[in-house]
**Student:** 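Before anything else, here's the structure in question.
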Amino acid sequence: MQTAQILRQLIHSIKTRPFVLASIPWDEILLCITTEFTCCARLYTAAQFQDIRQSFHECISQARQHAIEQRLDLLTASLETMIFALETLPEAEHIDTLLEQANFDHACLNHYQNNTIIVLGDSHVNFFSGNELLTFLPIGQDINTCPGNTPYPFTTLHTGPCLAYNCLRPGTSYRFKEKSEYLCRHFIRPHATIICCLGEIDIRVHVFRQSKLQNRPYQQIIDDILTQYLQFLIGLKNAGYGVCCWGPIASQPESCPLDPLFPRTGTEIERNRATAYFNRRLRALCQESGI
């Protein structure tokens, strides 16, 4: 807290050179305090933030008056009160961790209290939040939830742009296996219902690329993906969860801006045929497995 250090130096100057009282830049000190405090604004409600801001303003006003009256003991006490208040604020580098923990606690408590349905997977989980735009709140471990904007009892858990093909493989870029295991240990209540949402990225980015590389029909590439995905789903079922699937949606149109990290392969018509095949096969496999 740099402002706290400045205030300590000011207290030292007042005690050793009282003549500085007349030249203390109170407005600049208030600006330093406000700037430092504003970094923490996301941790508070608007009302709480306003109350704390008002408290600092009152402390500065009191200190200014004590300086005018040359009441050094009261002035020093006011400055020390401000130092204490500043040092009890969280450091800026810790705020994100605190916010993630608060988001985690809020979402987990809501899930347990209301026995919400978990929606687990890629960014399409946001659909179940009722928000038109992607609206993610980090809850730690590079996992997000989405603020609820619907009366329906869903808790969305976004694990990043994960693939159905890699859902059982440890050490992948987006660590779906590790994240899902972490959530089952620390977030998802026993016997909860879980809607799994994977596959759209597989189809949009990888299926036709692998079909060309391997010189195999796209249907066989999808069958390979579903073999991995089904094992993951059965594993959840065997762990006592109620398991459902939400299949990939229709593919992006060619007019959609291209993300260089996730280039589309195949034409829009080809991707939609692959999506239809993926969903038909996934439905049949789920029915055979009681999912």
**Student:** Give me the other members of the hydrophobic cluster that L134 sits in, counting Ile, Leu, Val, Met, Phe, Trp and Tyr linked by side-chain heavy atoms under 4.5 Å, directly or via other members.
**Tutor:** F136
**Student:** What's the shortest heavy-atom distance between T159 and K179, and which atoms?
**Tutor:** O-NZ, 2.8 Å
**Student:** Indicate if L163 and I222 have the same hydrophobic cluster label, given that clusters are the connected sets of ILVMFWY residues with side-chain heavy-atom separations under 4.5 angstrom.
**Tutor:** no
**Student:** Scan side-chain atoms only and decide if Q5 and Q9 contain a donor-acceptor pair under the 3.5 Å cut-off.
**Tutor:** no
**Student:** Tell me if the CG atom of L109 is crowded by more than 12 foreign heavy atoms within 6.0 Å.
**Tutor:** yes
**Student:** Run through the side-chain heavy atoms of Ile, Leu, Val, Met, Phe, Trp and Tyr, join any pair under 4.5 Å, and report what else lands in L31's cluster.
**Tutor:** none
**Student:** State the CG-CG distance between L7 and L79, to the nearest 0.5 angstrom.
**Tutor:** 6.0 Å
**Student:** Taking atom CZ of R169 and atom CZ of F176, what is their separation to the nearest 0.5 Å?
**Tutor:** 14.0 Å
**Student:** Please find the pair of heavy atoms, one from S251 and one from R271, that lie closest to each other, and give the distance.
**Tutor:** OG-NE, 2.5 Å
**Student:** Search all heavy atoms of N149 against all heavy atoms of G130 and return the closest pair with its distance.
**Tutor:** ND2-O, 3.4 Å
**Student:** Heavy-atom count around Q54 CD within 6.0 Å, excluding the residue itself: above 12?
**Tutor:** yes
**Student:** Examine F187 together with Y182 and report whether their ring centres are nearer than 6.0 Å.
**Tutor:** no
**Student:** Minimum heavy-atom separation for N131 to P147, with atom names?
**Tutor:** ND2-O, 2.6 Å
**Student:** Could you tell me if the side chain of L183 sits less than 4.5 Å from the side chain of L120, heavy atoms only?
**Tutor:** yes
**Student:** Would you name the heavy atoms of R189 and N115 that are closest together and state the gap between them?
**Tutor:** CD-OD1, 3.4 Å
**Student:** Going by side chain to side chain donor-acceptor pair (under 3.5 Å), name the pairs with one or both residues in residues 221-240, residues two or more places apart or in two chains.
**Tutor:** R216-D224, D223-Y277
**Student:** Can you list every side chain to side chain donor-acceptor pair (under 3.5 Å) pair that touches residues 23-35, not counting sequence neighbours?
**Tutor:** D27-R64
**Student:** Name all residues meeting the side-chain hydrogen bond (donor to acceptor under 3.5 Å, both in side chains) criterion together with D105; count only those two or more places apart in sequence or in a different chain, and write none if there are none.
**Tutor:** Q101
**Student:** When F127 is tested against each of F154, Y152, W246 for ring pair (Phe, Tyr, Trp, His ring centres under 6.0 Å), which residue passes?
**Tutor:** W246
**Student:** Is the closest side-chain donor-acceptor distance between T145 and N103 under 3.5 Å?
**Tutor:** no
**Student:** Taking NE2 in H186 as the centre, count heavy atoms belonging to other residues, nucleotides or ligands within less than 6.0 Å. Is the count above 12?
**Tutor:** yes
**Student:** Is the CD atom of Q70 crowded by more than 12 outside heavy atoms at less than 6.0 Å?
**Tutor:** no
**Student:** Just distance, no hydrogens or angles: give the donor-acceptor pairs under 3.5 Å from side chains in residues 283-291, sequence neighbours left out.
**Tutor:**
| unit_1 | atom_1 | unit_2 | atom_2 | d |
| --- | --- | --- | --- | --- |
| S289 | OG | L285 | O | 3.1 |

**Student:** Could you report the tightest heavy-atom contact between I225 and A164, atom names first, then the distance?
**Tutor:** CG2-CB, 3.7 Å
**Student:** Tell me if the CZ atom of R273 is crowded by more than 12 foreign heavy atoms within 6.0 Å.
**Tutor:** no
